[in-house]
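Here's the structure we're looking at; comments come further down.
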Amino acid sequence: MSIVTAGLLISFSGIIVVCLGLFDVIPNSNQTLNYIFIGLGWIFILIGIVIRIVGMKLEKKYQK
């Protein structure tokens, strides 16, 4: 699996967690826990984006 694909999968998992938090699918006891899930999802999305950018730069470097 390439690093770009790994970054894409990490971003998708973050998107799924954010959607589950927004639509109240994740059972939680209070609103703060819901915000924590949404925040963690955004962290995964941002990490996935950074991994994809780094992977694309590496692939571009090796193609030259």
Side-chain angles (χ1 to χ4, degrees):
M1 177 182 348
S2 71
I3 192 166
V4 177
T5 307
L8 188 67
L9 291 174
I10 292 171
S11 291
F12 281 156
S13 65
I15 291 170
I16 290 171
V17 171
V18 169
C19 288
L20 292 176
L22 287 176
F23 294 127
D24 292 329
V25 175
I26 300 172
N28 51 18
S29 58
N30 54 14
Q31 194 66 23
T32 306
L33 191 59
N34 196 15
Y35 291 140
I36 291 172
F37 276 117
I38 293 172
L40 285 174
W42 274 107
I43 290 171
F44 275 103
I45 291 170
L46 294 175
I47 290 172
I49 290 171
V50 169
I51 291 173
R52 284 188 305 186
I53 289 171
V54 169
M56 287 190 291
K57 284 184 180 180
L58 286 174
E59 286 181 3
K60 186 177 180 181
K61 179 181 167 184
Y62 289 131
Q63 287 179 355
K64 287 186 176 182

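- A pairwise comparison of heavy atoms in I26 and F37 identifies CG2-CE1, 3.5 Å as the closest pair.
- Residues in residues 2-15 take part in these side-chain hydrogen bond (donor to acceptor under 3.5 Å, both in side chains) pairs, two or more places apart or across chains: S2-T5.
- Take I45 and apply the side chain to side chain contact (heavy atoms under 4.5 Å, CB included) test, not counting sequence neighbours, and it matches I15, V18, W42, I49.
- When side chains are defined from C-beta on, L22 counts as touching I38, because their heavy atoms get closer than 4.5 Å.
- The two atoms that bring V4 and R52 nearest to each other are O-CG, 3.5 Å, heavy atoms only.
- Taken to the nearest 0.5 Å, the CD1 atom of I3 stands 12.0 Å off from the CD1 atom of I53.
- One hydrophobic cluster, built from ILVMFWY side chains closer than 4.5 Å, cannot hold both L46 and I10; they sit in different ones.
- Under the 4.5 Å side-chain heavy-atom criterion for ILVMFWY residues, no single connected hydrophobic cluster contains both Y35 and I43.
- The side chain to side chain contact (heavy atoms under 4.5 Å, CB included) check on N30 picks up T32, L33, with sequence neighbours excluded.
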